[in-house]
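Everything on this sheet refers to the single structure shown next.
We use all heavy atoms of the structure for the numbers below, so side chains are in, but hydrogens, waters and symmetry mates are not. Heads up: numbering here begins at 1 and tracks the sequence.
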Amino acid sequence: MSLRFRLLGSLEADIGGQLVDLGHGRQRSVLAVLLVDANTVVSVSQLLERIWADRPPQRARETLYSYLSRLRRALSVTGEAGPHRRSGGYVLAVDPSAVDLVQFHRLAMSARTADDGDALALFDQALALWRGEAFAGLDSPWLGALRDQLSQHRFAVELDRNDVALRRGRHAELLPGLAARARAYPLDERLAGQLMLALYRSGRQADALGHYERTRRLLVEELGADPGPALRELHQRILTEDAAFATPATAGSEPPTVTPPLPRQLPAPPRLFVGRSRELARLTEMLGHRPGSEPTMPIVTITGAGGIGKTWLALRWAHDNLHRFPDGQLYLNLHGFSRSGRRQSPAMAIRSLLEALAVAPSAIPSDLHAQTALYRSLVAGKRMLIMLDNAYDADQVRPLLPGSAGCAVVVTSRNQLPGLVATDGAQPLVLHVLAPAEARDLLTRRLGSESAADRPSVDRIVAACVGLPLALSIVAARAATNPAVPLGALADDLVHNRGNLDAFAGGDPDADLRAVFSWSYHALDADAARVFRLLGVHPGPTVTAPAVASLAGLTGGRARSLLEELVRANVAILLTPGRYALHDLLRTYATEIVEADDDRQVALHRMLDHYLHTAYAGALLIEPHREPISLPPARPGVTAEQFAGQAEALEWFVTEQSVILTAVDQAAEAGYDGHVWRLAWATATFLSRGARWQDLTATQRVALASAERARDLVGQAHAHRDLALACNHTGRPEDATAHLQRAFDLFGELGDHVGQAYTCLFLGWVCEWQGRQRGALRHDERALALFQAAGHKVGQAKALNAVGWDHAQAGDYRQAISYCQLALTLHEALDNRTGAAKTWDSLGYAHQRLGRHELAIECFGHALALYRSTGDRYGEAETMDHLGDSHHASGDLEAARDVWQRALDRIGEQSPSEANQIRDKLRRPDAGPARS
């Protein structure tokens, strides 16, 4: 005896007539989900989604595993295998013939390909399997949607059986059932036609004509449309008492020939459609025939993320170009990405197309290749549009491609379908989010003219929706259904809920961003889905393949491969070779679902290790003579990026700066205090050279707080010192002095005399800014003594230059030149370009004050070349300021103004005090040079 399962009614399992105890409703729902996809692996995330949708209980995974374990025990009593773990999920291995749902589909398919004599019996066997509503008593959104779909399929089988019975002259026995069904489905034209034919053949012409009139009135009242061509033709033949139509065809005879209507299957065009003018023009170009070229069948794939507006665009273009396709339009939703998760097979799809072309079910071949051949024969030589909506992959589409050059095919998909492009000559059109102006236009049209009066709220809503048409439509619907809520309140809600998708939720899964995104996510294979989830850990907005490799603990090649898969699935965007992004709402979805991933914390640690070790290596390349710090080893699976030289390292910092700054905050929130201050240390040189003082202030404050929380004296000392640099450049020298005094004390506690020496240099520099030259000289001479005692050559060279500068500020220019020459010799011996640049600037300043303008200009030129080679924009600006002073002193006012203006452009608003000094010089070009 074998185990049998019944889904077409209440869920049951029995062996030899003995029912198996399957437990409570949720547990039975798990079994139902596995039976629907019997012998196929169902991932854990799919199980969670199908059982609880977006409201899983706490510890949902543990609860699910408990249900699976109980089901395995319940089914093992019978000697049968229950659900078992496989790579990627769980599978229930069963004999397909033991599941009534599978039997129903098989019997219905066999009936549709059999002759009428056998078909009737097969249809009866299929319908007899139903004991009530599918999955009766089980409640989940996914099972509910599938229940509705199966109910429609059952109804279609009933109608197919009615056609066969009518052809075999069994109209009298059909009448009671047809009348009852017609009352239940008064707008179904096919059912209305079957009842009319049965009435007419039963000698009740008046009743048949009366039913047509009632149906026509209902269609006009409810749908605003007259009956279709098939029902109108049936009405006409009954009205004229067509003799050939009065009795069913006898065995061996052919039914009367009816000219089938042209297929006009396109759904209605989108009611409000804005923008996409370039895309519409591109579609016209791609789907048109080019004069002088050989006629071919154009195929266009419109791809993009869920909710991006692919179907809207295709329908808008199709309705605008109906005149191009006088032989009709075929439309088919392939359900590649849908709430049910059940894609339409090529066999089902080709049958639907044949039925749309008026091929009788009994005339459809049973073999898929024969069906495809028949389909291509029927459309050969015709000018038709075939729209294949919501495709999953090329294999689902390929059998549906006609062979006629007159036809045109439009395919929409969330996947990029590279196979169709490569082997079938399809032309790709990838959709991205709407531009802000287009998004604003769409929203205001949906909201009405009153929204134009509240432009700030509209702009905030547009920004929150990031140009995604579906998101804009959901928000517009919320506004329309809640007219008492001001737009400003709606915008506030979107801003408040930024970081989750609650504001874009709704009762209809087709208009719920979480649900729409989940269909793309669940279509990914397990490895790609994992990478997508983990991207929710990454701070964004862009990410490189090496960073993803570390994030997921993969090799670089595997990470690139999976990222390309995400790009093909249109859930990620390829910005430049090796650099990827998610749009903000998809990133929010990834952030939500990664919370349940057990690997989340480890992935975060690997990611922070990646940026720390990469930034540290880059920092020592752009400033090779900087005093290093110690790093803890990276976790297994982390690979830091490798730089060929200083230029590559600098470019990496420029590109990744926003990622790194966000990673500092992320590390602080997660409690990785050691990563925080070390990341801040690694970015300090880059930020200071770019005069990014606000960013430097923010990162060092976070670094100081983290180091204090961890009681890390080394981290505190470095954070105090680098924060002092930012404070001084943002006009807070007293704060800078306080931070430096604390840093000096901390380095002393640590016994780090080199750290103290560098802190003395910073103190000297702050004193100079405050005009306290004696204090500056005292600190710089102390730094020089500490460096000399430690034998620290790099520090000695820096201190010599500082002491020389102090003498220059005090008016002792010859002494300044003496110290600076010693510093320059040492810097050049150490190949310290940054130190040499600063020293050339000091020498230029001293020579200028001695009236040696040409020599000063030459020194400043050396400094500028070195600053540019190291990417030090602030140092470059400072030297330009000094160079302008030299040009001004030599009488070349035009050159002075040009150089000062370029210095101001370099500094921008990052250093207000220096910028104001240069503006003063530009306003008073004939005044003497201002002292720095």
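With hydrogens and angles ignored, the 3.5 Å screen pairs a side-chain donor or acceptor of Gln642 with a backbone N or O of Ala640. Not one N or O on the side chain of Glu768 forms a donor-acceptor pair closer than 3.5 Å with the backbone of Asp806. With hydrogens and angles disregarded, a donor-acceptor distance shorter than 3.5 Å links the side chain of Asp609 to the backbone of Arg635. Remark: the backbone N or O of Asp881 is paired with a side-chain donor or acceptor of Trp900 at under 3.5 angstrom. No donor-acceptor pair under 3.5 Å is formed between the side chain of Ser818 and the backbone N or O of Arg814. Counting only distance, with no hydrogens or angles, the side chain of Arg849 and the backbone of Gln809 share no donor-acceptor pair below 3.5 Å. No donor-acceptor pair under 3.5 Å is formed between the side chain of Glu876 and the backbone N or O of Leu864.
Scanning all heavy atoms of the two residues, the minimum distance from Ala783 to Ala799 falls at C-CB, 4.3 Å. Contact between Leu604 and Ala670 at its shortest, heavy atoms only, is CD2-CB, 3.6 Å. Shown here for His827 and Val794, the closest heavy-atom pair between the two residues is CE1-O, 4.5 Å. Ala808 and Ala816 make their closest contact through N-CB, 3.5 Å (heavy atoms, listed as atom of the first residue, atom of the second, distance). Minimum heavy-atom separation, Val594 to Gly536: CG1-C, 4.3 Å. Between Val766 and Pro733, the shortest heavy-atom contact is CG1-O, 3.8 Å.
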- Message: Please evaluate residues Trp840 and Thr879 with respect to the criterion side-chain contact (heavy atoms from CB on, under 4.5 Å), reporting the C-alpha separation (whole Å), side-chain torsions for both, the decisive distance (0.1 Å), and the verdict.
- Response: CA-CA 9 Å; Trp840 277 116; Thr879 295; over 6 Å; no
- List the steps, then state whether side-chain contact (heavy atoms from CB on, under 4.5 Å) holds for Val899 with Arg902. CA-CA 5 Å; Val899 175; Arg902 284 190 285 139; 3.6 Å; yes
- Report the C-alpha separation of Leu535 and Tyr580 in whole Å, then their side-chain angles, then the decisive distance to 0.1 Å, and conclude whether the side-chain contact (heavy atoms from CB on, under 4.5 Å) test is met. CA-CA 11 Å; Leu535 285 173; Tyr580 304 83; over 6 Å; no
- Message: One pair to check against salt bridge (charged side-chain N to carboxylate O under 4.0 Å, His left out): Arg606 and Asp599. What are the steps and the verdict?
- Response: CA-CA 10 Å; Arg606 285 194 301 258; Asp599 195 28; 3.2 Å; yes
- Item | Asp780/Leu761 under side-chain contact (heavy atoms from CB on, under 4.5 Å): CA gap, chis, key distance, verdict | CA-CA 5 Å; Asp780 291 336; Leu761 287 179; 3.7 Å; yes
- When you look at Gln901 and Asp905, which way does the side-chain hydrogen bond (donor to acceptor under 3.5 Å, both in side chains) test go after all the steps? CA-CA 6 Å; Gln901 185 60 57; Asp905 293 341; 3.2 Å; yes
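Residue Tyr845 holds its OH atom at 12.5 Å from CD1 of Ile817, rounded to the nearest 0.5 Å. The CG atom of Leu723 sits 8.5 Å away from atom OG1 of Thr699, with the distance rounded to the nearest 0.5 Å. Between Gln666 atom CD and His675 atom NE2 the span is 11.5 Å, to the nearest 0.5 Å. Here the straight-line distance linking atom OG of Ser842 with atom CD of Gln821 works out to 11.0 Å at 0.5 Å rounding. The distance from atom CG of Leu650 to atom CD1 of Ile622, rounded to the nearest 0.5 Å, is 6.0 Å. Taking CZ of Arg600 as the start and CG of Leu534 as the end, the distance is 10.0 Å to the nearest 0.5 Å.
Within a 6.0 Å radius of NE2 in His792, more than 12 heavy atoms belonging to other residues, nucleotides or ligands are found. More than 12 heavy-atom neighbours from other residues, nucleotides or ligands sit within 6.0 angstrom of CD on Gln770. For Glu749, the CD atom sits in a packed shell: over 12 heavy atoms of surrounding residues, nucleotides or ligands are nearer than 6.0 Å. Within a 6.0 Å radius of CZ in Arg782, other residues, nucleotides and ligands contribute 12 heavy atoms or fewer.
Exactly one of Arg721, Arg626, His718 qualifies for a side chain to side chain contact (heavy atoms under 4.5 Å, CB included) with Tyr758. That residue is Arg721.
Here the side chains of Glu623 and Thr870 are not in contact, with every heavy-atom distance at 4.5 Å or above. Inter-residue side-chain proximity for Arg732 and Thr697 is flagged as met; some heavy-atom pair is nearer than 4.5 Å. In this structure, His720 and Phe744 have side chains that are not in contact, with every pair of non-hydrogen atoms separated by 4.5 Å or more. Using a 4.5 Å heavy-atom cutoff, the side chains of Arg923 and Asp920 are in contact. Counting heavy atoms from C-beta outward, Lys921 and His888 have side chains that stay 4.5 Å or more apart. Looking at Val754 and Leu786, their side chains never come closer than 4.5 Å, going by heavy atoms from C-beta outward. Between Asn832 and Lys798, the closest side-chain pair of non-hydrogen atoms falls below 4.5 Å. Inter-residue side-chain proximity for Thr614 and Phe643 is flagged as met; some heavy-atom pair is nearer than 4.5 Å.
Annotation: Trp681 is in aromatic contact with Tyr616 [ring centroid separation under 6.0 Å]. Ring to ring, Trp769 and Trp765 are close: their centroids are under 6.0 angstrom apart. Proximity of the aromatic rings of His538 and Tyr611 is defined here by a centroid distance below 6.0 angstrom, and this criterion is met.
Ionic pairing of Lys838 and Asp841 is not present here: no N-O contact between side-chain nitrogen and carboxylate oxygen is shorter than 4.0 angstrom. Comment: Arg709 engages Asp673 in a salt bridge, judged by a side-chain N to carboxylate O separation of less than 4.0 angstrom.
Checking Arg689 against Thr834 by side-chain atom types alone, a donor-acceptor pair falls below 3.5 Å. Remark: the His847 side chain and the Glu858 side chain contain no N/O donor-acceptor pair separated by less than 3.5 Å. With no hydrogens or angles considered, a side-chain donor-acceptor pair links Ser550 and His610 at under 3.5 Å.
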